[in-house]
Amino acid sequence: MKVLTDKPHLIFFITIPIIMLIGILSGDSVLDINVHDTYYVITHFHLAILISILFGIIGVGYWIIKEAYGKLSKWLNWIHIGLTFGGIIFIFTLSQLYREPKTDTILSDFDFNQNLDIITFITLLITIFGQVIYPVNLIRGILKKQKKTSA
């Protein structure tokens, strides 16, 4: 676990091939998001490419700051990594719980799925909010180094 806080870029670099493999193996399956009367459809492969690019950017940012400026905050690293990966895993787990409506219990299945949608949306917002910690941590690392060199 010490490696995770000392070298947070490694977890992002290690997960890139795993995410790409999942995207390749998912075939033609798609993620469709319904917002009022508009459907947004994206294949799992393209979603895997997008997530891999984002994780690559995050990993490179962590690596550059670590090499150039030294120390990052362990707590901010933990919070960012936990919210990022914890949120993604929790959303994936919730997506497996959706029920197909049956003819005799349509209303209860609809309510259950609607509650899952709300929980998934809140989790997504928390995960996205957790990404704000990333630039805060990088800026903190840069300012901390500059404060040490000027003193």
Side-chain angles (χ1 to χ4, degrees), residues 1-100 112-151:
M1 290 298 180
K2 186 173 183 221
V3 173
L4 217 60
T5 57
D6 290 342
K7 299 179 181 182
H9 58 278
L10 290 180
I11 191 165
F12 289 99
F13 290 152
I14 289 170
T15 55
I16 290 173
I18 296 168
I19 291 171
M20 287 304 298
L21 185 63
I22 292 170
I24 291 169
L25 295 177
S26 66
D28 292 336
S29 58
V30 296
L31 170 71
D32 55 340
I33 300 169
N34 180 9
V35 179
H36 298 289
D37 288 338
T38 305
Y39 280 91
Y40 299 99
V41 180
I42 183 169
T43 64
H44 286 173
F45 177 69
H46 290 118
L47 187 62
I49 291 173
L50 176 66
I51 292 171
S52 296
I53 290 171
L54 291 174
F55 278 12
I57 292 170
I58 290 170
V60 166
Y62 271 134
W63 180 75
I64 288 172
I65 296 301
K66 183 74 174 164
E67 293 297 318
Y69 295 100
K71 203 168 187 180
L72 293 167
S73 169
K74 289 183 181 184
W75 284 105
L76 292 178
N77 286 349
W78 273 108
I79 293 170
H80 179 244
I81 292 169
L83 287 177
T84 300
F85 289 100
I88 290 171
I89 291 169
F90 190 66
I91 289 171
F92 176 74
T93 304
L94 288 177
S95 71
Q96 303 304 312
L97 298 176
Y98 276 91
R99 296 180 183 168
E100 289 296 321
F112 181 78
N113 287 344
Q114 192 172 20
N115 290 337
L116 274 180
D117 284 341
I118 292 169
I119 294 169
T120 303
F121 182 70
I122 291 170
T123 305
L124 181 65
L125 287 178
I126 291 170
T127 304
I128 291 171
F129 175 73
Q131 301 313 303
V132 173
I133 294 171
Y134 171 70
V136 168
N137 195 9
L138 297 184
I139 292 169
R140 183 185 173 280
I142 292 170
L143 294 177
K144 195 172 184 181
K145 176 70 173 190
Q146 289 177 350
K147 193 182 287 186
K148 283 183 180 179
T149 56
S150 65

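These numbers were taken from a predicted model, which means no experiment stands behind them.
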List in chain and number order the residues that pass side-chain contact (heavy atoms from CB on, under 4.5 Å) with [X], two or more places apart in sequence or in another chain; answer none if no residue qualifies.
X: L83; result: I79, I126, I133
X: L21; result: L25
X: L124; result: I91, I128

With rounding to the nearest 0.5 Å, note down the distance linking [atom1] in [X] to [atom2] in [Y].
X: R140; Y: I142; atom1: CZ; atom2: CD1; value: 12.5 Å
X: T15; Y: I88; atom1: OG1; atom2: CD1; value: 8.0 Å
X: N77; Y: H9; atom1: CG; atom2: NE2; value: 11.0 Å
X: L138; Y: L143; atom1: CG; atom2: CG; value: 11.0 Å
X: I81; Y: L76; atom1: CD1; atom2: CG; value: 11.0 Å

With a 4.5 Å cut-off on side-chain heavy atoms, are F13 and I16 touching?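 Yes, at least one pair of side-chain atoms sits under 4.5 Å.
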
Candidates T120, D117, I89 - the one meeting side chain to side chain contact (heavy atoms under 4.5 Å, CB included) with L94: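 When T120, D117, I89 are each tested with L94, the side chain to side chain contact (heavy atoms under 4.5 Å, CB included) holds only for T120.
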
Working note: F90 + T127, criterion side-chain contact (heavy atoms from CB on, under 4.5 Å); need CA distance, chi angles, decisive distance, verdict. CA-CA 10 Å; F90 190 66; T127 304; over 6 Å; no

State, to 0.1 Å, how close T84 and Q131 come at their nearest heavy-atom pair, and which atoms those are.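 Shortest heavy-atom contact: OG1-NE2, 2.7 Å.
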
Taking every non-hydrogen atom, the tightest pair across I58 and Y134: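 Answer, listing the atom of I58 first, then Y134: O-OH, 3.2 Å.
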
For F85, which residues count as a ring-ring contact (aromatic ring centres under 6.0 Å, His included) partner, sequence neighbours excluded?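 F85 satisfies ring-ring contact (aromatic ring centres under 6.0 Å, His included) with F12, F55 once adjacent residues are dropped.
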
Please set out all donor-acceptor pairs under 3.5 angstrom arising from side-chain atoms of residues 44-53, sequence neighbours excluded.
| unit_1 | atom_1 | unit_2 | atom_2 | d |
| --- | --- | --- | --- | --- |
| H44 | ND1 | S29 | OG | 2.8 |
| H46 | ND1 | T43 | OG1 | 2.6 |
| S52 | OG | A48 | O | 2.8 |

Not counting sequence neighbours, list each pair that qualifies as a side-chain hydrogen bond (donor to acceptor under 3.5 Å, both in side chains) and has a residue in residues 53-63.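 Passing the test, one end in residues 53-63: Y62-H80.
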
